[in-house]
Amino acid sequence: MKISDIMKRTLAIFVLALATGLNIHADEGMWLPSLISQRIDDMKLKGFRLEAEDIYSINQASLKDAIVLFGRGCTGELISGEGLLITNHHCGYSQIQQHSSVDHDYLRDGFWAMSREEELPNKGLTVSFLERMEDVTAVVLKGYEDGMDEDTRAGIVRTNSEALIKEVTAEGNGLRATVEALYYGNQYFLFLYREYQDVRLVGAPPSSIGKFGGDTDNWMWPRHTGDFSIFRIYADKDNNPAAYSKDNVPYRPKKYFKISTSGVQEGDFTFIYGFPGRTQEYIHSEGVRYIEETGDPHKIHMRTLRLEIMNRYQNLSQKVRIQYSSKNAGVANAWKKWQGEVKGIKKMKTVRKKQEYERYFETWAKGSEYEGITQRIAALYEEQHPYVFAADYYSESARTIEIANFALKIARLYTMDKDSAWHFDSLKAADISASFFKDYHLPIDKECFTAVMCEYDRNMPDEFKAGFHKAMMEKHGSIQSWCDHIFATTLFADQGKVAELKAEDHAKVFTDPAFEFCNKFLKWYHNDIKPNYDRINQELQLAYRDYMRGQMEFASSSNCIYAQREFYPDANLTLRVAYGHIKGYSPADGVYYTPSSTIKGIMEKDNPEIFDYNIPQKLRDIYNEKDYGQWADESGEIPVCFIATNHTTGGNSGSPVINAEGHLIGLNFDRVWEGTMSDIVFDPDICRNISLDIRYVLFIIDKIADADHLIEEMTLCHDLAH
Ligand code: ARG
Ligand code: GLU
């Protein structure tokens, strides 16, 4: 078949699938904004009052122009005409942390710039606006003929994509583009961004508000976290992206959100517009089985060990608490999510249901090009799983040793010129070294080494173990003495020694035990594991491309009830729309959770003895005096969080929660624990996203921060009808 025929047919299937798709999971889906006209009728049916062009347009300013990819993993939105941007506290966390020290502990005390001069620049932080997105399948596959092998196809895709990216970013001026495969490469989309690099910290509440509940409440409902932080985008005089300069001026957005103070009620329409990171909604039962039975449980266990060590040391000293706050949160976050995910996958009987689906699929596929594809995928998974296991183990063990990663970073600053003379970038080394030692506590690293490497030793099958690991075990006799040897002899444990490094020390660096550890494991992974993983993965991707197309054809041409579903591309950190409504849920028999929380719940949890629940005295006073200003809801309380049925995932943090009128009512920041399997399988009864009520944000800025100059910059409005 020629490529144009494949495309025509694929397109026909997309259209058919959309037209006939039974709306089984009413609120499931992460939709492409440029195609939102295909959903707008459904959105309106559910309460939305605006048009598709208000959401995404290349002809006029639309909501997309008020949304940014914040860093490379969160979403943020503009809330003033002067570049003011809001995202989650946990999204700005590493910036807040970097500006913090024992003397200026912005994590503990919060930070508020009372004037533009006080706003804090952030090295490395960028925000990207989506200029436009576009189906470029025909361009990307130009030159591809049916029957060509995967390497050739990949080469064509790469060359065409690079040429396209070069063409659309020719203007410069912060333009950045990516070409992304959708539906396992059945479609390709171009995403063109404008990236701004001068983004300054404006405000953050103390962690006792912004991270209230900490990791105890993380992924949980009921929730009372004031998870927000505020930044400002700066541009040059022409409103174009520019590196930090004190001459830069606040960015003037094409669009910013009006903020609704009307709040939410059960049943209200809500819509999330942001950058979800990664989902796998169409994967095979064997892929799910691996996650449920092997991948998640092992990764959870490895992180339990590390967290226990970090927590113990962090509880002993404020300095260590600050040093490891961001690291700990990162480790704990996925750790807890995976636990909910496994429970959810089990509860939904996902593997069994997928197997059933696959059986019906094969019955339907008999005699077609799709016959046997589910068996082929199963066989590929079986072959791949030992390598996935090894990769998982590597990333949760040897890869996590801080001193080894540091050694590698420094070693990479050694270069040899063409006359074989060594050079060393000592300036950069000083930089890297300073930021490493600022947040390093050796006893933690050392104990973690022993803990995770013992697990590696115990659980990695011998035939997959790194040869280096075996040799070291032979030499040192135990993980403990191997560990003692590394930490006692490496020069990288001593900031002074690192500061003295010169070009002629290359041999010393390259034979250092911490460097050697990192380097040997890296080599093992790149020589023994990754090539096998990649080889099988390439075949899997090819099989999935067919299987994906097959699933769409199955849905559109079979009246089997198992076939029916709606199709949206898996998340890949590109801009998406998810819509649903405010709704409670029942997490367990006999329990029902209502959809919103208030300041009363904060007071119920408040406990000065428990770090995660110890709130600022000022908040207690305000509560006792009911000094709520204009921010109370109808019941007279301050609203804090709410849940809804929008389909979200990691990356959606900070996403605007938008009401039927297109106004900002909250910030997405989490999902409920019982519903975290929604990256793989969505249960409309249980999957809920958790959002911060924008009225709590305004209350905190006004009453806790006394920063009403920020509120004056915003546009508040009141929507009458619910
Ligand atoms: N669970 C949320 C997310 O996935 C919030 C994480 C930050 N908070 C924390 N306590 N670690 O990113
Ligand atoms: N907190 C997540 C984030 O950082 C969002 C929660 C989720 O996974 O849905 O994007």
Side-chain angles (χ1 to χ4, degrees), residues 27-28 30 67-77 87-97 107 204-205 207-221 223-229 272-281 303 306-307 310-311 314 321 324-341 344 570-576 578 580 605 610-613 641 643-657 666-680 682-683 686-692:
D27 295 322
E28 176 177 354
M30 300 173 172
I67 297 167
V68 293
L69 176 65
F70 182 87
R72 284 286 189 276
C74 276
T75 306
E77 54 274 8
T87 184
N88 290 146
H89 186 262
H90 79 261
C91 292
Y93 202 69
S94 68
Q95 280 78 31
I96 305 166
Q97 195 250 4
L107 285 176
S207 295
S208 52
I209 289 173
K211 204 187 167 181
F212 179 77
D215 284 302
T216 316
D217 282 9
N218 192 20
W219 299 109
M220 302 284 233
W221 185 256
R223 188 65 156 278
H224 302 87
T225 310
D227 199 343
F228 76 97
S229 59
I272 305 284
Y273 204 174
F275 289 88
R278 192 170 126 82
T279 60
Q280 316 174 70
E281 308 290 347
R303 290 194 174 200
R306 285 163 68 206
L307 285 167
M310 285 189 212
N311 290 339
Q314 283 181 272
R321 185 193 296 287
Y324 278 73
S325 54
S326 196
K327 295 175 193 174
N328 187 315
V331 176
N333 194 41
W335 168 79
K336 192 161 179 186
K337 184 205 141 168
W338 289 327
Q339 295 175 53
E341 185 171 81
D570 271 321
N572 56 359
L573 209 63
T574 60
L575 192 59
R576 302 299 175 90
K605 288 176 180 172
I610 302 174
F611 181 81
D612 283 347
Y613 292 135
C641 296
I643 52 173
T645 61
N646 306 283
H647 191 183
T648 55
T649 186
N652 268 124
S653 273
S655 297
V657 188
L667 258 63
N668 185 75
F669 72 96
D670 213 355
R671 270 176 293 166
V672 302
W673 195 63
E674 300 85 356
T676 44
M677 71 297 194
S678 65
D679 294 348
I680 293 161
F682 188 91
D683 180 354
I686 292 200
C687 293
R688 298 289 179 270
N689 62 314
I690 306 179
S691 301
L692 169 62

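All ligand and atom numbering here is 1-based and tracks the order in the structure.
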Atom of V331, atom of R306 and distance for their closest heavy-atom approach: CG2-NH2, 3.5 Å
Using a strict 4.0 Å cut-off to heavy atoms of W219, name the atoms of ligand 1 that fall inside it. 1 (N), 4 (O)
Ligand 2 N/O to protein N/O, distances under 3.5 Å:
unit_1, atom_1, unit_2, atom_2, d
ligand 2, 1 (N), H90, NE2, 3.3
ligand 2, 1 (N), S653, OG, 2.7
ligand 2, 1 (N), F669, O, 2.9
ligand 2, 4 (O), H90, NE2, 3.0
ligand 2, 4 (O), S653, OG, 2.5
ligand 2, 8 (O), G650, N, 2.9
ligand 2, 8 (O), R671, NE, 3.4
ligand 2, 8 (O), R671, NH2, 2.8
ligand 2, 9 (O), R671, NE, 2.6
ligand 2, 10 (O), G651, N, 2.5
ligand 2, 10 (O), S653, N, 3.1
ligand 2, 10 (O), S653, OG, 2.7

For A329, the ligand 1 atoms whose distance to one of its heavy atoms is below 4.0 Å: 11 (N)
Applying ring-ring contact (aromatic ring centres under 6.0 Å, His included), can you list everything that pairs with H89, at least two apart in sequence or on another chain? Y93
Quick one: nearest non-hydrogen protein atom to atom 5 (C) of ligand 1, plus distance? N218 OD1, 3.4 Å
Hey, which of T648, N668, D27 is the one that makes side chain to side chain donor-acceptor pair (under 3.5 Å) with N689? N668
Would you check if I67 and F275 make a side-chain contact, meaning some heavy-atom pair closer than 4.5 Å? yes
Contact partition for K337 relative to ligand 1, non-hydrogen atoms under 4.0 Å: neither
For G214, state whether at least one heavy atom is located under 4.0 Å from any atom of ligand 1. yes
Does NZ or CZ of R223 come closer than 6.0 Å to the centre of the six-membered ring of F669, within 45° of the ring's axis? no
Can you confirm whether T216 sits close enough to Y613 that some side-chain heavy atom of one is under 4.5 Å from a side-chain heavy atom of the other? yes
So if I count the atoms of ligand 1 from 1 in the order they appear, which ones are less than 4.0 Å from some heavy atom of K211? 9 (C), 10 (N)
Is there a donor-acceptor contact under 3.5 Å linking the side chains of H224 and D217? no
Tell me yes or no: between the side chains of N218 and W673, is some donor less than 3.5 Å from an acceptor? no
Students should be able to answer this: which protein heavy-atom is nearest to atom 3 (C) of ligand 1, and at what distance? N333 ND2, 3.3 Å
Contact region, F669 to ligand 1, non-hydrogen atoms below 4.0 Å, reads backbone
Specify whether H647 and F682 have parallel, tilted or perpendicular ring planes, treating 30° as the upper limit for parallel and 60° as the lower limit for perpendicular. tilted
Closest to atom 9 (C) of ligand 1 (judged by heavy-atom distance), picking from D215, D217, N652, D670: D215
May I have the step-by-step check of side-chain contact (heavy atoms from CB on, under 4.5 Å) for T87 and T75, ending in yes or no? CA-CA 7 Å; T87 184; T75 306; 6.0 Å; no
